[in-house]
Amino acid sequence: DNGLPTERRVQNYYGVRCEPSLPYDPDFTAPEPMVKKGERPVQNVSRRNFIELCELLTAEDEKAFEQTWRHLGLSVDWSRTYTTIGRHAQRVSQRAFLRLLAKGEAYQAEAPTLWDVGFRTAVAQAELEDREHAGAWHRISFHRHDGQPVHIETTRPELLPACVALIAHPDDERYQGLFGQTVTSPVFGVEVPVVAHPAAEMERGAGIAMCCTFGDLTDVQWWRELKLPTRTIVGRDGRILAEPPAGLDGEQGRKAYAELAGATVHTARERVVGMLRESGDLDGEPKKTVRPVKFYEKGDKPLEIVSSRQWFIRSIAHQDDMLRRGEELRWHPAYMKARYDDWVRGLNGDWLVSRQRFFGVPFPVWYPVDSAGEPAYESPILPGEDQLPVDPSSDTPPGYTEDQRGKPGGFVGDPDIMDTWATSSLTPQIACGWEEDPELFAQTFPMDLRPQAHDIIRTWLFATVLRAQLENDSLPWYHAALSGWILDPDRKKMSKSKGNVVTPLALLEQFSPDAVRYWAANGRPGTDTAFDQGQMKIGRRLATKLLNASKFALSFPEPAAGAEITEALDYAMLSALDVVIGQTTEALEAFEYTSALERIERFFWFFCDDYLELIKQRAYDEDGGAATQSARLALRKALSSLQRLFAPFLPYCTEEAWSWWHTGSVHTAGWPTADNAAGGDRGEVITLASTAISAIRKAKSDAKRSMRSPVESVRIQGPAAQLEALTSIGGDLRAAGNVEALEFAADGEELRIEVQLAEV
RNA sequence: GGGCGCAUAGCUCAGCGGUAGAGCACCUCCCUUACAAGGAGGUGGUCGCAGGUUCGAUCCCUGCUGCGCCCACCA
């Protein structure tokens with residue numbers, strides 16, 4: 001409900017852009033959705049109008065999502081929904097933030113920050129990704145006082161005016177004589193020191209690097225550790241700032257800088273290269289290269305590093321606690337824990353939670369404005385918890401009046417919003433009624449399970465564990481179940497840019513939710529699953545089969561009150577079912593839902609293909625007496641368990657079939673227990689039954705006869721124990737195979753079945 | 001560069017010390033009183049490669065190869 005994707009969607013959908021300087025227009029109405037991109041000029045709207053458009057569109061999207069989830073048969077309490085942008089979530093999020101602030105776990109700092117120039121916001125470490133990006137190595141001459149050149153190599157020549165030092169490794173023989181001296185940058189004529197630092201790599205490029213404020217995170221490290229000056233030239237819009245930085249004082253340098261002012265980074269690069277070429281300081285031609293560059297995962301331009309004031313939540317200080325929590329948490333599958341550990345150990349800074357965006361939970365903070373009109377960031381004004389949620393851009397802080405906003409001696413609201421994860425990380429607190437419903441909270445927190453995909457371990461999962469640690473000194477849940485992704489049929493990740501996304505609603509219509517769930521359940525925890533319509537067809541067939549089998553089993557009169565299981569095959573089937581119930585229950589408790597489904601399914605096909613066929617005649621028999629009663633009772637017992645076993649996977653067909661003979665819902669019926677056969681496993685009986693009936697069928701199939709065709713005799717040889725078992729189900733075998741004579745002969749260790757078909 | 005996972009039938013995947021399994025696909029057959037949007041039967045594999053442990057390895061160990069993912073590196 002909040003975050004950059006929503007903002008981008010609103011921008012594209014309505015063709016608008018948020019312009020915070022515009023006043024709110026109460027008469028503003030939502031523009032017609034754009035049919036195609038760029039069909040009309042982008043309209044600037046005020047922040048509040050923009051947020052209203054976001055709310056409008058997310059409300060529509062929520063309906064679509066709920067429809068999909070309901071259609072899919074998601075079993076949740078629909079009376080307890082919330083939105084992460086709603087008042088309740090905002091209140092929880094702001095309260096948790098204020099608590100962190102009071103404990104010193106949240107703080108603000110002015111620091112170089114990774115910045116997306118497209119979205120114009122800071123981004124966090126967890127939201128970075130590397131992408132291959134084309135560039136070129138430029139070999140550039142700096143100048144010593146004696147006129148000798150010092151060559152550096154850079155892929156970002158446009159940052160030349162932001163250069164604050166040259167850096168080489170302290171052990172590098174080539175530059176020993178230069179350390180402590182200064183050199184002059186080409187074109188811009190700025191004198192910069194040559195400094196030694198171990199992070200410089202001798203083998204890379206020329207072995208000596210140009211440190212700029214800021215080209216990359218190594219620059220930030222050097223700048224911080226070597227206390228270098230700041231010469232910022234890239235603005236938050238990704239363009240070269242209008243004014244040259246301090247230190248770029250020479251007339252020629254300023255003239256050159258003027259040529260760059262206002263240009264994009266890309267254009268500035270071309271211009272600087274032109275200037276270098278003209279001055280003779282470009283050594284050779286640029287050499288094309290492709291190297292990984294940091295991007296915001298949702299952005300389309302490389303990140304810049306700009307200095308700005310941001311809010312952070314401490315995480316580095318809690319690394320050990322986080323690792324310990326990772327140990328306590330039960331991971332499904334267990335190996336996914338490695339990603340978490342890897343992430344926690346690799347944290348290189350505190351969590352940056354402020355975003356310079358609009359549609360999100362605002363920071364509940366104002367600042368006094370001093371007599372010179374400057375905000376005093378070091379002494380924020382905070383609301384009481386009972387006032388939450390607040391929007392500092394429209395609510396007035398305690399002790400002030402609205403007409404003091406932005407005035408000297410007055411106040412300003414913090415303009416930033418929180419990162420989406422800063423609120424989503426409180427999912428358990430929001431849902432469990434933290435600080436608002438103590439009884440519910442006591443019953444539900446920590447929660448049992450976090451189900452999520454593995455790609456957001458470093459964001460959602462990590463942040464949730466961190467917040468529960470900081471706020472509740474506990475895990476947020478006991479188990480984490482990591483699902484894989486749905487891949488397209490070529491096993492590529494589905495993504496909008498590739499255009500290979502399949503939305504679920506059409507599938508639900510085409511194959512039925514049961515079929516789609518059947519396919520999805522075949523994706524084991526942690527394993528990616530290729531999109532496979534074939535599996536959905538099988539799921540659909542399974543659901544149909546369950547309906548048909550239920551119809552058949554229920555077509556017989558209800559067994560009499562005193563009916564008992566008297567026949568060996570019925571007893572054996574029920575005892576096998578008991579085993580399956582036990583295994584399935586165990587698998588589900590271990591989060592092995594795929595194994596659970598496999599076991600139920602395997603039994604169910606035996607039940608349909610062999611058992612039903614074998615007892616059919618006996619169940620039909622009007623004068624069958626106890627044997628018929630036994631079959632009819634066994635059918636109902638088995639059906640009751642099977643419908644409940646399948647219910648979590650195939651909620652619709654099971655509910656339908658259950659309704660044919662029960663009043664309540666199958667989904668609130670008790671989970672089946674392994675007591676259908678009242679103890680004792682006669683599994684070998686059904687194995688032998690299947691073997692025998694298969695042999696009879698094979699004989700008919702080989703002879704290209706119908707399955708109903710009569711059999712003159714079946715002669716079974718083998719060990720006495722097996723023959724005894726087979727004898728006990730002889731009546732069913734004869735009826736199902738249409739067998740005239742069934743003979744047994746104890747002989748040898750191996751079971752042999754000879755089938756003599758009747759003459760045609 | 002570090003880590004994790006995967007490699008088994010044409011395809012999708014189970015199995016994991018004791019003679020290789022399922023479904024799909026393919027082939028053959030069957031309108032049979034739950035089901036033809038069905039059903040029955042069948043063909044098909046030196047379980048990635050090389051070593052080791054073991055009486056015995058698809059399974060355990062080591063190395064290699066290939067694929068995927070996560071992280072790091074970004075002068």
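Excluded from the calculations below are hydrogen atoms, water molecules and symmetry mates; all remaining heavy atoms, backbone and side chain alike, are included. The sequence lines fix the lettering, A, B, ..., with proteins before strands; numbering per chain opens at 1. These numbers come from a predicted model, not from an experiment.
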query: Parallel, tilted or perpendicular: which describes the rings of A:Tyr340 and A:Trp331, with under 30° parallel and over 60° perpendicular?
result: tilted
Which listed nucleotide ([options]) is nearest to the side chain of [X]?
X: A:Arg697; options: B:C4, B:A72, B:A40; answer: B:A40
X: A:Arg540; options: B:C4, B:A37, B:A75; answer: B:A37
X: A:Trp485; options: B:A40, B:A72, B:C69; answer: B:C69
X: A:Arg541; options: B:C24, B:G41, B:A75; answer: B:C24

Looking at every strand, decide which applies to [X] at a 4.0 Å heavy-atom threshold: base, sugar-phosphate, or nothing.
X: A:Gln535; value: nothing
X: A:Arg524; value: sugar-phosphate
X: A:Trp519; value: nothing
X: A:Ala703; value: nothing
X: A:Ser694; value: sugar-phosphate
X: A:Lys545; value: base

task: Hey, which sits more toward the 5' end of RNA chain B by its nearest nucleotide, A:Glu598 or A:Ile167?
output: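 Result: A:Glu598.
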- prompt: When you match A:Phe556 and A:Ser701 each to their closest nucleotide on RNA chain B, which lands nearer the 5' end?
  reply: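 With A:Phe556 and A:Ser701 compared, the 5'-side residue is A:Phe556.
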Rounded to whole angstroms, how far apart are [atom1] on [X] and [atom2] on [N]?
X: A:Leu612; N: B:U33; atom1: CG; atom2: P; result: 15 Å
X: A:Glu201; N: B:G1; atom1: CD; atom2: C1'; result: 11 Å
X: A:Asp216; N: B:C73; atom1: CG; atom2: P; result: 10 Å

field: B:G17 to B:U53 separation - C1' atoms, rounded to the nearest Å
entry: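 My reading of the C1' atoms in B:G17 and B:U53 gives 12 Å.
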message: Using atom P in both nucleotides, what's the gap between B:G15 and B:C59 to the nearest angstrom?
response: 15 Å
Ion pair check, A:Arg156 and A:Glu304, cut-off under 4.0 Å: yes
query: Of the options A:Val194, A:Thr184, A:Val183, which is the one that meets A:Val150 in a side-chain contact (heavy atoms from CB on, under 4.5 Å)?
result: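 Considering A:Val194, A:Thr184, A:Val183, a side-chain contact (heavy atoms from CB on, under 4.5 Å) with A:Val150 is found only for A:Val183.
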